[in-house]
Amino acid sequence: MYNYVDLDTINFDGEPPVDDTARQFYYMAGCKEIIDKKTKEIGRKLTACVKTFGCQMNSRDSEKLIGILEEIGYMIIEDEKADFVLYNTCTVRENANLKVYGHLGILQNYKKKNPDMKIALCGCMMQESHVVEKIKKSYRFVDVIFGTHNIFKFAELLYNNLTSNRMIVDIWQDTDKIIEDLPVERKYSFKSGVNIMFGCNNFCSYCIVPYVRGRERSRAPEDIVNEIKKLVADGVVEVMLLGQNVNSYGKNLENPISFADLLKLIEKIDGLERIRFMTPHPKDLSDDVIEVMKNSTKICKQMHLPLQSGSSRILKLMNRHYTKETYLELVKKIKASIPDIAITTDIIVGFPGETEEDFEDTIDVVRQVGYDSAYTFIYSKRTGTPAAIMENQVPENIVKQRFDRLLKEIQIVSNQNTLKGVGNVEKVLVEEVNKQQEGYVTGRLSNNTVVHFEGSMDLIGKIVNVRLNEAKGFYYLGTIEE
Ligand code: SAH
Ligand code: SF4
Ligand code: F3S
């Protein structure tokens, strides 16, 4: 962990500081005092479990929450029978949302057996007022509820609950704040997500994210670069730059800067080996970004370019601001510039009014682009979005059939891509010990494809040369080369 501050040096008797970062360290000191006392009382460390739903934004937020929990004296465990359980929720699709209610039922039973247990909820679902109302009414055993805009206030909210034992609810509608320099505990020692911007201004008609993550806000380039330098000093070799639409990074800063220029600054950081980013919106991926990628030795050979639909008619209804033709042109331009690049995507099946012909357009784009991989989603109606009140919602059985057909097409084209790589020797970042096969490790190529090969734990976090011997659908089997 970095940004470590010795909480014992903080004077907790005076008034809480006004500066947001200092104020949170003050409350961390307050929480620690209470947790330390409790630890002595029960003669063991208190445990905490953080469960994350949703995207990489949420995973990164959870690393920040875990950083605070460790700082105040909790031991992090995987088991939800912990003394403190925090759910960082997602609401992008209905099933993400339903899962949380299901889990809460189980937690209620755990809390009956351990009345001192604390339960907290945060994340995107909590930004929906009907969700918070429901929890306040039917899930009274929850201790702390906060949203996406005030996650930095976690220590303060927890302190308020620890000292009052009342349900603490604090949800902000939006924010223009970006609080830097709070503790973070990374899941991986060698790679890390880095937020470059928060929120989204695009309002794709199916999507809830702009409503729950607020308006677009970019971090200052120097804060991003400094964070990455600290990460590199702490052993990180790969960063994933995170934003809902990284192409609009920096436009609203006092001193505007483009995403392409940010990439150039990050490229210069010594010791950093790999740069990834997500997500670029196809409507405004600039030639400059393609040029920077082409000339870079660090930016990975992968572009995640969400298609959503291949039909220009549906894309218009989705408010995506590109057509089938302009999307295909863009892919052509990227491939012409960077021939060995992998293109990956997100696709939604069953958007309201999607006809067989529209769906055929999606299949056509899948074939023409030849994606290396794709996340496919069944359209999920989100209350409050324009698409939720559109007519012609597609019947479930038709959506399911189209979904299966799409999966098959993607499998065909992605398998063809993997086959092309067989025999090559590629640089691989080793990420973990293979869980299925003893004596094997798993890593990723620059284009993000997974490869398994014989090796030991001490390779984790290292970049090694691997010969790709065999393609197995989405992944390779290989051997390490000296
Ligand atoms: N900002 C990113 C994506 C964020 S959400 C982008 O613009 O690409 C991740 C993915 O979830 C989206 O790309 C979309 O494919 C899917 N998604 C979003 N809302 C959805 C909905 N209502 N139903 C089904 N899938 C959805
Ligand atoms: Fe949602 Fe569209 Fe914003 Fe992505 S760009 S988060 S899909 S509104
Ligand atoms: Fe991510 Fe889900 Fe929120 S996809 S931004 S965690 S709604």
Side-chain angles (χ1 to χ4, degrees), residues 51-63 65 87-100 121-128 131 147-149 151 193 195-217 240-249 277-285 303-310 314-315 317-322 327 343-352 354 362 371 373-390 393-394 396 399 402-403 406 410:
K51 206 167 162 53
T52 312
F53 301 83
C55 65
Q56 277 153 328
M57 296 275 174
N58 259 18
S59 303
R60 184 63 179 155
D61 284 348
S62 288
E63 291 184 347
L65 295 161
Y87 286 166
N88 191 2
T89 63
C90 168
T91 189
V92 79
R93 285 169 291 275
E94 184 68 15
N95 54 3
N97 200 294
L98 291 176
K99 260 191 222 158
V100 171
L121 298 174
C122 66
C124 296
M125 237 176 113
M126 300 306 127
Q127 292 297 139
E128 296 180 284
V131 171
T148 55
H149 303 304
I151 131 168
N195 299 106
I196 62 167
M197 59 200 298
F198 302 92
C200 179
N201 286 354
N202 288 307
F203 291 94
C204 301
S205 65
Y206 50 83
C207 185
I208 193 95
V209 172
Y211 305 88
V212 295
R213 287 273 174 179
R215 296 293 64 75
E216 228 167 69
R217 304 171 308 282
M240 166 76 92
L241 310 176
L242 299 172
Q244 295 298 355
N245 175 9
V246 293
N247 298 317
S248 53
Y249 169 77
F277 56 85
M278 111 182 251
T279 307
H281 194 306
K283 79 176 159 69
D284 43 24
L285 181 74
M303 179 79 85
H304 187 68
L305 208 55
L307 171 67
Q308 312 302 4
S309 168
I314 295 290
L315 286 168
L317 291 171
M318 286 178 160
N319 195 30
R320 289 288 289 179
H321 297 283
Y322 53 87
Y327 183 95
I343 311 261
T344 59
T345 201
D346 291 354
I347 298 173
I348 298 176
V349 182
F351 183 84
E354 183 188 76
T362 300
Y371 291 109
S373 76
Y375 293 103
T376 47
F377 306 105
I378 286 180
Y379 168 72
S380 170
K381 195 167 155 175
R382 309 312 293 130
T383 309
T385 63
I389 49 170
M390 284 182 188
Q393 305 274 334
V394 186
E396 216 172 284
V399 179
R402 287 184 190 157
F403 187 78
L406 178 64
I410 290 165

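For ligands, and for the atoms within them, numbers begin at 1 and follow the listed sequence. Computed from a predicted structure; not experimentally measured.
- With respect to atom 1 (Fe) of ligand 2, the closest heavy atom belonging to the protein is C207 SG, 2.3 Å.
- Heavy atoms of R213 come nearer than 4.0 angstrom to ligand 2 in no pair at all.
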Practice item. Report the C-alpha separation of R382 and S380 in whole Å, then their side-chain angles, then the decisive distance to 0.1 Å, and conclude whether the side-chain contact (heavy atoms from CB on, under 4.5 Å) test is met. Key: CA-CA 6 Å; R382 309 312 293 130; S380 170; 3.8 Å; yes
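- The two residues P306 and Y327 have their closest heavy-atom pair at O-CE1, 3.9 Å.
- At least one heavy atom of T279 lies less than 4.0 angstrom from ligand 1.
- Taking every heavy atom of C200 and a limit of under 4.0 angstrom, the matching atoms of ligand 2 come to 3 (Fe), 5 (S), 6 (S), 8 (S).
- Counting only heavy atoms from C-beta outward, the side chains of Y211 and T385 approach each other to under 4.5 Å.
- The contact set between ligand 1 and Y379, taken as ligand atoms under 4.0 Å from a residue heavy atom, comprises 23 (N), 24 (C).
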Exercise for review: Evaluate the criterion side-chain contact (heavy atoms from CB on, under 4.5 Å) for residue pair R402 and V399; output intermediate values, then yes/no.
Suggested key: CA-CA 5 Å; R402 287 184 190 157; V399 179; 5.8 Å; no
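- By the 4.0 Å N-to-carboxylate-O rule, R213 lies close enough to D61 to be salt-bridged with it.
- In this structure, the side chain of T279 does not engage the main chain of H304 through any donor-acceptor pair within 3.5 Å.
- For a threshold of 3.5 Å applied to N or O pairs, the pair formed by S380 and ligand 1 contains at least one separation below that value.
- Annotation for ligand 1: atoms under 4.0 Å from non-hydrogen atoms of R382 are 22 (N).
- Looking only at atom types and distance, the side chain of N247 has no donor-acceptor partner in the side chain of K283 under 3.5 Å away.
- In C204, the parts holding a heavy atom less than 4.0 Å from any atom of ligand 2 are both the side chain and the backbone.
- Near V209, with a cut-off below 4.0 Å to any heavy atom, the atoms of ligand 2 are 6 (S).
- Ligand 1 lies within reach of V92, whose nearest heavy atom is under 4.0 Å from it.
- Set against the non-hydrogen atoms of P306, the atoms of ligand 1 under 4.0 Å away are 8 (O).
- Proximity to R320 (heavy-atom distance under 4.0 Å) selects the following atoms of ligand 2: 2 (Fe), 7 (S).
- Contact annotation: the side chain of F377 never approaches that of V349 to less than 4.5 Å [non-hydrogen atoms, C-beta and beyond].
- Ranking protein heavy atoms by distance to atom 10 (C) of ligand 1, first place goes to D346 OD2, 3.5 Å.
- Once rounded to the nearest 0.5 Å, the distance linking SG of C90 with CG of N58 reads 6.5 Å.
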Review point. Is there a side-chain contact (heavy atoms from CB on, under 4.5 Å) between V394 and Y379 once you walk through the steps?
Key: CA-CA 9 Å; V394 186; Y379 168 72; over 6 Å; no
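- Contact annotation: I378 has at least one heavy atom less than 4.0 Å from an atom of ligand 1.
- For Y206, heavy-atom contacts with ligand 1 shorter than 4.0 Å involve the backbone as well as the side chain.
- Against a heavy-atom cut-off of under 4.0 Å, R93 is close to the following atoms of ligand 1: 11 (O), 16 (C), 17 (N), 23 (N), 24 (C), 25 (N), 26 (C).
- Judged by the shortest distance from any of its heavy atoms, Q244 lies inside the 4.0 Å radius around the atoms of ligand 3.
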Exercise for review: Run the numbers on V92 and C55 for side-chain contact (heavy atoms from CB on, under 4.5 Å), then give the verdict.
Suggested key: CA-CA 9 Å; V92 79; C55 65; over 6 Å; no
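- Contact annotation for P210 and ligand 2: only side-chain heavy atoms (C-beta onward) come within less than 4.0 Å of the ligand.
- Ligand 1 is never approached by H281 to a heavy-atom distance shorter than 4.0 Å.
- The number of protein N, O or S atoms lying under 2.8 Å from atom 3 (Fe) of ligand 3 is 1.
- Summarising the geometry of H281 relative to R320, their closest heavy-atom pair is CE1-O, 3.2 Å, with the distance given to 0.1 Å.
- Looking at atom 7 (S) of ligand 2, its nearest protein heavy atom turns out to be Y206 OH, 3.4 Å.
- Put simply, the side chain of T89 gets close to the backbone of C122: a donor and an acceptor are under 3.5 Å apart.
- Expressed to the nearest 0.5 Å, how far SG of C204 lies from CG of N319 amounts to 6.5 Å.
- For R320, every heavy-atom contact with ligand 1 shorter than 4.0 Å involves the side chain, none the backbone.
- Judged purely by atom type and a 3.5 angstrom limit, T345 uses its side chain to pair as donor or acceptor with the backbone of L305.
- Between M278 and Q56 the shortest side-chain heavy-atom distance falls below 4.5 Å.
- For ligand 2, the atoms sitting less than 4.0 Å from at least one non-hydrogen atom of F203 are 8 (S), numbered in the order shown with element in parentheses.
- Nearest heavy-atom pair across E128 and T91 is OE1-OG1, 2.8 Å.
- The residue among K381, Q308, Q244 with a heavy atom at the shortest distance from atom 15 (O) of ligand 1 is Q308.
- A387 approaches P352 most closely through the heavy-atom pair O-CG, 3.7 Å.
- For atom 5 (S) of ligand 2, the closest heavy atom belonging to the protein is N202 ND2, 3.5 Å.
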